[in-house]
Amino acid sequence: MGMVMQMRLLQLVVLFIGVFELNGVVCSYTRPPVRKTIFVPHDDDDSNSPEQVHISQVGQDKMRISWITSNSGPAKVEYGPSPSSIAFSETGSTSSYHYTLYESGEIHDVVIGPLKPNTVYYYRLGDPPSSRTYQLKTPPSQLPIKFAVTGDLGQTEWTKSTLEHIEKSNYDMLLLAGDLAYADMVQELWDSYGRLVEPLASQRPWMVTQGNHEIEKIPIIHSEPFTAFNARWRMPYEESASDSNLYYSFDVAGGVHVIMLGSYTDFEAGSSQYQWLQGDLKKVDRSKTPWVVVLIHAPWYNSNQAHQGEKESVNMKAALEGLLYQARVDFVFAGHVHAYERFTRVYKDKADNCGPVHITIGDGGNREGLATNYIDPKPDISIFTEASFGHGILEVFNASHALWSWHRNDNDEATASDSAWLTTLTSNPACK
Ligand SMILES: *[C@@H]1O[C@H](CO)[C@@H](O)[C@H](O)[C@H]1NC(C)=O
Ligand SMILES: [Fe+2]
């Protein structure tokens, strides 16, 4: 069956199932111009050459290199500090998956290192090695660090614009709050997405968590959730004592502890995610990592009319907000709502100087368009709202100061539209 035909058939199935999966929430907001979906084909004449390369941080000084080939071949990476001295090599594992009629390529994962911080490395993939040499830059081992923060990215002309701006920001690491490819069961779109993001994701670590578009369950036909996400975007969960790729944590730049939570897996008290989070927060030593940043998908605070009252927002907030508050988490980033919103420090719906700043950054550029209608009157705890595509930059300068800024994709320029200096909660004696 031709690929386009298969995609159409699956889309019919998706439409059919979509009727049952709306959770009873009827969205009545209007969405302004959407830009068209891009399908990125494999760009090499050699159809077996490595593609969809992306990297993610593992531990303090290692990097996982992930890529796909159409035929099986060695999961081997050769790397070094200059293109002429690629002297080190490491091997890893290969996997693949089935999804209805689709059979994935060979997905290779190799962890390389130890690597020096803030250093450019050159690498080649496979054995014999790819003719192409890739390069990556490791994050710094000390502050400052610059994070790019995005969510609900998708793969449209808007996504392309967002990615161009992120690339120009010269960030150290990307944090993604869920909803990556918007493949929505059409697995070829995961491949296309992998190719679209490769120029960025092969050069800087992309640390991601999942959104509702990653679930991809089909009743009876494919009952396992997150198949493509887990196979293609393996994150360093074992290293943080988590038993699931859907939630994990890591330290970076000798000052920031990042926690990725799963909005679409169990989070209630007693669940393994809950217990893991409790243990993870207990282990954080704020004298070593003064900053704690959390990412979720469905926002706990949201004054947009879109996605109000969903259980992943309401119940997850009820289950976990106390833990994050007690642990003095500094930021909670969310996606899901296709717009930008920044709240003041909050806890239990009220302004609270010891609560986290909640930010919705679900405006990466996906095909569903923007969520433009807000609750009127605007709640006092909401500082800034705007329904435009864009991205966020979190620059953590030292143990006390960070600058958050949001950049709108204005007429295809990245325009700084909101910014705020924030100090860590550990530097506020009242929150000790
Ligand atoms: C931290 O960085 C901010 C912003 O650059 C600066 O104003 C502040 O003095 C720095 N603090 C320390 C302790 O270096
Ligand atoms: Fe979403």
Side-chain angles (χ1 to χ4, degrees), residues 14 18 21-23 25 27 29 31 34 140 142-146 149-156 158-159 162 175-185 189 193 208-217 225-226 228-229 233 246 253-256 260-265 286-287 290-291 295-302 304-314 316 330 332-341 359-371 387 389 393-405 419-429:
V14 171
E21 298 248 315
L22 279 174
N23 287 335
V25 180
C27 310
Y29 51 88
R31 298 185 189 272
V34 181
Q142 292 171 12
L143 299 175
I145 182 171
K146 187 191 271 192
V149 189
T150 184
D152 304 70
L153 204 46
Q155 44 188 319
T156 71
W158 279 120
T159 313
T162 304
L175 306 176
L176 202 164
D179 282 359
L180 287 71
Y182 284 75
D184 297 329
M185 309 184 199
L189 289 174
Y193 179 81
V208 305
T209 189
Q210 85 284 7
N212 51 307
H213 286 269
E214 274 71 62
I215 303 173
E216 298 189 305
K217 274 205 297 191
F226 305 111
F229 174 75
W233 290 84
L246 304 176
V256 188
M260 296 286 190
L261 296 181
S263 300
Y264 298 88
T265 187
R286 296 301 280 267
S287 66
W291 298 90
L295 277 85
I296 55 178
H297 184 63
W300 298 353
Y301 288 91
N302 170 27
N304 196 290
Q305 286 181 15
H307 299 301
Q308 285 294 335
E310 292 178 6
K311 66 177 193 299
E312 293 79 16
S313 295
V314 178
M316 195 189 195
D330 292 295
V332 177
F333 292 105
H336 204 40
V337 174
H338 302 161
Y340 170 69
E341 179 160 24
I359 290 171
T360 304
I361 188 82
D363 58 342
N366 66 76
R367 63 177 168 70
E368 293 177 346
L370 292 161
F389 291 118
I393 294 286
L394 177 64
E395 278 182 274
V396 181
F397 284 98
N398 52 36
S400 59
H401 285 70
L403 179 61
W404 164 257
S405 55
S419 72
W421 277 99
L422 293 157
T423 51
T424 178
L425 286 175
T426 49
S427 63
N428 182 351

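Note that ligands are numbered from 1 as they come in the structure, with each ligand's atoms numbered from 1 the same way. Note that the structure is a prediction, hence the values are computed from the model and not measured. Scope of the values below: all heavy atoms of this structure, side chains included, with no hydrogens, waters or symmetry mates. Sequence positions, counted from 1, serve as the residue numbers for this chain.
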query: For Asn398 and ligand 1, does the shortest N/O to N/O distance drop below 3.5 Å?
result: yes
task: Might you point out which heavy atoms bring Tyr193 and Leu176 nearest each other, and give the distance in Å?
output: OH-CD1, 3.7 Å
- request: Specify the closest pair of heavy atoms between Glu216 and Ala228, including all atoms of both residues, with the distance to one decimal.
  value: OE1-CB, 3.5 Å
field: the Fe ion (ligand 2) - closest N/O/S atom in Asp179
entry: OD2
statement: Atom name of the N, O or S atom of His336 nearest to the Fe ion (ligand 2) is ND1
message: Please report whether atom 7 (O) of ligand 1 has a protein non-hydrogen atom at a separation of less than 4.0 Å.
response: no
Non-hydrogen protein atom less than 4.0 angstrom from atom 14 (O) of ligand 1: yes
- request: Could you tell me whether the side chain of Phe226 reaches within less than 4.5 Å of the side chain of Gln210, counting heavy atoms only?
  value: yes
task: Can you pull out the closest protein heavy atom to atom 5 (O) of ligand 1? Residue, atom name and distance to 0.1 Å, please.
output: Trp421 CH2, 4.2 Å
message: Checking side-chain polar atoms at under 3.5 Å, does Asp152 have a donor or acceptor matched by the opposite partner on His336?
response: no
message: Strictly under 2.8 Å, is the Fe ion (ligand 2) approached by any N, O or S atom of His297?
response: yes
- line: Taken to the nearest 0.5 Å, the spacing of His401 NE2 from Thr424 OG1 works out to 10.5 Å
